[in-house]
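First comes the structure, then the notes that go with it.
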Number of protein chains: 2
Amino acid sequence: MAEAGIMAGTQSVEATLDEAAAACAARGAQLTDLRRQVLRLILAAPHPIGAYALLDQLRAERPGAAPPTVYRALDFLRQQGLVHRVERLNAFVGCTGAEAHHACGHGHDHPHQFLICSVCGATAEVCDSRVSEAVASAARAAGFRPVRMTVEVEGRCAACAEVT
Amino acid sequence: MAEAGIMAGTQSVEATLDEAAAACAARGAQLTDLRRQVLRLILAAPHPIGAYALLDQLRAERPGAAPPTVYRALDFLRQQGLVHRVERLNAFVGCTGAEAHHACGHGHDHPHQFLICSVCGATAEVCDSRVSEAVASAARAAGFRPVRMTVEVEGRCAACAEVT
DNA sequence: CGCTGCGACGTTACTCTATATCGCATATCG
DNA sequence: CGATATGCGATATAGAGTAACGTCGCAGCG
Ligand SMILES: [Zn+2]
Ligand SMILES: [Zn+2]
Ligand SMILES: [Zn+2]
Ligand SMILES: [Zn+2]
């Protein structure tokens with residue numbers, strides 16, 4: 001596990017961006033310059049990043065940027081499964097589980113879980129089918145028809161747990 | 001408005017408030033008038049209610065109320081396990097799983113899951129230990145030490161699923 | 001060519017959510 | 001009595017998200 005967000009050197013980010021552009025194109029969508037810039041900022045951030053922090057950084061390249069600018073890009077990136085929203089943090093993070101989903105045949109709106117370290121802020125995405133099935137099963141047992149689920153765990157990451 | 005599934009009549013609300021006051025007292029905390037008013041509003045609401053909707057209603061009885069007024073009360077009520085926050089909705093709801101937790105020996109910060117109907121807005125709290133254990137187990141498998149978890153499922157409740 | 005529809009983006013102006021402070025009153029204790 | 005803690009009123013500000021409208025560029029078409 002390449003430690004939540006600390007991975008991704010600059011090269012790797014650009015490579016990911018190219019892959020993302022290809023994936024979008026394959027679905028008839030296009031990763032425009034703006035969307036690419038926003039995705040680059042998210043991937044370059046060490047941790048989940050808020051919409052307004054994103055906006056501040058974006059303004060360096062695009063002075064006219066306003067909240068709708070970044071939110072529209074975020075909506076697109078989320079639809080494409082390139083970015084997830086961390087509800088507990090009101091922040092956004094790049095999807096790091098794509099390979100697994102492709103292997104499992106999942107589309108671009110796949111079930112996932114977040115492990116959020118309350119010490120260092122690192123956030124890791126995991127995709128445990130036992131979890132998603134347990135949740136779905138509990139929901140159905142209550143007569144509920146599940147569509148989307150949010151599973152976020154707060155605690156201490158491996159690195160921060162050692163220090164204790 | 002008993003549509004939210006597990007609804008409480010007005011009498012039941014007052015009874016719940018008395019129970020809550022007793023539970024707080026047993027822990028050395030006090031359910032003051034303000035906190036009681038806020039909890040009453042939450043329990044009387046048919047659905048999870050936002051902090052500012054709460055504030056509007058609170059001002060009817062307490063004209064000077066301001067955001068910190070309601071947020072302080074909410075913080076207290078959450079600490080006491082009387083109220084939960086629904087992250088997906090930025091809203092608050094009364095705990096309806098208290099009996100189960102007492103039976104299980106859980107304290108006042110118990111693991112729970114929400115089923116949120118995207119059609120009618122009804123939100124049900126369930127406490128499935130298989131879910132919380134599956135999540136905790138997945139977290140530990142990643143070297144993570146879980147402390148608190150948020151599990152929220154969006155979909156259709158039994159009533160709204162029938163209509164299809 | 002001009003017309004039209006559409007998607008992406010710019011721009012303004014808001015609403016809603018949440019927190020930071022400051023300050024005052026009371027209560028409780030040594 | 002002073003000292004500390006809690007509850008709460010009041011103002012201000014930060015952060016998150018949306019509505020509404022306008023503009024530009026481009027594809028399709030008569
Ligand atoms: Zn993902
Ligand atoms: Zn950590
Ligand atoms: Zn509960
Ligand atoms: Zn429903």
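No hydrogens, no waters, no symmetry mates; every other heavy atom, side chains included, goes into these values.
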Under 4.0 Å, counting only non-hydrogen atoms across every strand here, what does B/Arg35 touch: a base, just sugar-phosphate, or nothing? sugar-phosphate

To the nearest Å, give me how far apart [atom1] ([X]) and [atom2] ([N]) are.
{"X": "A/Glu87", "N": "D/dA16", "atom1": "CD", "atom2": "P", "result": "13 Å"}
{"X": "A/Tyr52", "N": "D/dG17", "atom1": "OH", "atom2": "P", "result": "8 Å"}
{"X": "A/Arg88", "N": "D/dG15", "atom1": "CZ", "atom2": "C1'", "result": "18 Å"}
{"X": "A/Leu55", "N": "C/dC9", "atom1": "CG", "atom2": "C1'", "result": "14 Å"}
{"X": "B/Asp33", "N": "D/dG9", "atom1": "CG", "atom2": "P", "result": "11 Å"}
{"X": "A/Leu58", "N": "C/dT11", "atom1": "CG", "atom2": "P", "result": "12 Å"}
{"X": "A/Leu34", "N": "C/dG7", "atom1": "CG", "atom2": "C1'", "result": "13 Å"}
{"X": "A/Arg59", "N": "C/dG10", "atom1": "CZ", "atom2": "P", "result": "12 Å"}

Closest-nucleotide ordering on DNA chain D, the 5'-leading residue of B/Gly64 and B/Phe76: B/Phe76

Whichever of B/Pro63 and B/Ala29 has the more 5' nearest nucleotide on DNA chain D, that residue is B/Ala29

Of the listed nucleotides ([options]), which one gets closest to any side-chain atom of [X]?
{"X": "B/Asn90", "options": "C/dA8, D/dA12, C/dT17", "result": "C/dT17"}
{"X": "A/Pro67", "options": "D/dA16, D/dT18, D/dC8", "result": "D/dT18"}
{"X": "B/Gln30", "options": "D/dG17, D/dG7, D/dG9", "result": "D/dG7"}
{"X": "B/Pro68", "options": "D/dA12, D/dC8, D/dG17", "result": "D/dA12"}
{"X": "A/Ala66", "options": "C/dT12, D/dT18, C/dT17", "result": "C/dT12"}

Below the 4.0 Å mark, does [N] have OP1 or OP2 next to a side-chain nitrogen or oxygen of [X]?
{"X": "B/Thr69", "N": "D/dA10", "value": "no"}
{"X": "A/Arg62", "N": "C/dG10", "value": "yes"}
{"X": "A/Tyr71", "N": "D/dG17", "value": "yes"}

Could you label the plane-to-plane angle of the B/Tyr71 and B/Phe92 rings as parallel, tilted or perpendicular, counting under 30° as parallel and over 60° as perpendicular? perpendicular

The single option from A/Glu87, A/Arg88, A/Glu152 passing side-chain hydrogen bond (donor to acceptor under 3.5 Å, both in side chains) against B/Thr150: A/Arg88

Measure across B/His112 and B/Cys127 and return the closest heavy-atom pair with its distance rounded to 0.1 Å. CB-SG, 4.1 Å

Are B/Gln37 and B/Gln57 close enough that some pair of their side-chain heavy atoms sits under 4.5 Å apart? no

Taking atom CZ of A/Arg130 as the centre, does the number of heavy atoms from other residues, nucleotides or ligands within less than 6.0 Å exceed 12? no

Has the side chain of A/Arg72 got a donor or acceptor that lies under 3.5 Å from a partner of the other kind on the base of D/dG17? no

